[in-house]
Amino acid sequence: MGYFSQRKKHERINTFLNIYLAFIAFITVLSFFKDTTNGFIFEANAYRFQFVILSFVVCAVGFFYRYFAQSFILLLFLILNIVSISSSCNLFFSSTKNIGPKISILYQKDVSDINALIDDAVKKEISFLGINNKAAVQYERSTVYPYSFFYEKSKSLIFSGIDYNRQGRIKIFSHEISTLSFPFYGKDLTLINVNLKDMRLDEQESVFRSLSHFVLNQNDSVIVFGDFGVPAWSSEFKNFLRKTGLEVKNSIILSTTEHYIDLFSPPGINVLGFKNISLTNVKILPAKYSDNHPVLFTISIK
């Protein structure tokens with residue numbers, strides 16, 4: 001490659017790095033604003049993890065071509081974004097410490113084959129099934145046996161494979177959230193099954209406020225699982241974690257359940273619990289019971 005070709009190549013790389021630096025600086029500044037005030041700010045913040053991955057690549061390219069000034073500045077913005085994300089969730093590693101007895105929860109959206117789901121759940125000895133449908137569905141108790149449930153017809157249900165104390169529902173706007181309390185090794189635990197995938201921007205504050213109110217009124221230890229519709233570093237989610245003292249137990253799950261892996265959607269699948277809860281395993285399973293992939297959580301409880 002001739003001198004002028006090399007020079008043009010380096011000029012293009014230099015221009016690209018400068019433009020990307022300006023872009024990532026803008027995205028970083030937006031993290032200091034409440035993201036529910038503006039749709040653009042919310043979308044920019046929702047994809048912050050994807051920007052982190054992209055910045056890793058761009059930073060490596062900059063160092064490779066010896067653009068050290070831009071690369072070090074980019075590295076600084078990269079660290080700021082990592083700190084912003086990791087302040088509310090685990091970036092790459094789950095809280096996997098085995099601290100006690102375990103339960104398993106299968107989270108499934110839009111069930112189309114309930115018989116196959118129940119058969120496989122029994123074979124795998126899954127403790128609980130978190131079922132979420134777009135419309136209220138009425139299941140026959142004989143169909144889901146040996147699992148049991150309380151409400152006859154609902155969009156959100158928890159099928160229990162063990163004896164439970166009570167079940168409940170939280171209705172906020174068009175969203176239904178199911179709850180279940182059960183005794184476990186001398187303690188009472190409460191499960192909260194959420195599917196907030198279609199939550200609107202103007203609903204977030206009310207939804208998370210109602211959810212935090214429910215959590216704070218429980219005397220039991222709480223496990224919240226499912227699709228929150230927003231990433232854990234979004235403003236209202238972070239505020240919810242701060243108010244309740246709950247922690248995100250999983251690393252970032254790049255799946256919306258519609259796809260096994262989805263790199264281009266904000267990660268919303270999470271398991272939350274207090275310090276006595278540890279997530280020992282997460283599996284995205286094949287989409288056998290609907291068009292959505294089920295997610296299997298194995299949880300250890302102290």
* Asked: For Asp35 and Ser235, which heavy atoms make the closest approach, and how far apart are they?
  -> N-OG, 3.0 Å
* **Taking every non-hydrogen atom, the tightest pair across Lys288 and Asp120** => NZ-OD2, 2.8 Å
* Name the orientation class of the two ring planes belonging to Phe228 and Phe237 (parallel below 30°, tilted from 30 to 60°, perpendicular beyond 60°). => tilted
* How are the rings of Tyr20 and Phe23 set relative to one another: parallel (under 30°), tilted (30 to 60°) or perpendicular (over 60°)? -> tilted
* Structure fact -> Residues at least two apart in sequence or cross-chain that pass side-chain hydrogen bond (donor to acceptor under 3.5 Å, both in side chains) with Asp198, listed by chain then number, are none
Are [X] and [Y] linked by a side-chain donor-acceptor pair shorter than 3.5 Å?
X: Asn281; Y: Thr298; answer: no
X: Asn193; Y: Ser156; answer: yes
X: Ser290; Y: Ser112; answer: no

* Listed once per pair and sorted, the ring pair (Phe, Tyr, Trp, His ring centres under 6.0 Å) pairs that draw on residues 185-206, sequence neighbours left out -> none
* Structure fact -> Checking Thr179, Val222, Ile103 against Leu191 for side chain to side chain contact (heavy atoms under 4.5 Å, CB included), the one that qualifies is Ile103
* To do: Could you check Tyr139 against Phe159 for ring pair (Phe, Tyr, Trp, His ring centres under 6.0 Å), going step by step and ending with a plain yes or no?
  => CA-CA 11 Å; Tyr139 294 107; Phe159 295 161; 5.6 Å; yes
Which pairs of donor and acceptor atoms, one on a side chain in residues 26-33, lie under 3.5 Å apart (sequence neighbours left out)?
{"from": "Thr28", "atom 1": "OG1", "to": "Ile24", "atom 2": "O", "distance (Å)": "2.6"}
{"from": "Thr28", "atom 1": "OG1", "to": "Asn81", "atom 2": "ND2", "distance (Å)": "2.8"}
{"from": "Ser31", "atom 1": "OG", "to": "Thr28", "atom 2": "O", "distance (Å)": "2.5"}

* Measure the shortest side-chain to side-chain distance between Ile223 and Phe297 over non-hydrogen atoms and say whether it is less than 4.5 angstrom. => no
* Does atom CZ of Phe150 have more than 12 heavy-atom neighbours from other groups under 6.0 Å away? -> no
* When Phe128 is tested against each of Tyr147, Phe182, Phe184, Phe225 for ring pair (Phe, Tyr, Trp, His ring centres under 6.0 Å), which residue passes? -> Phe182
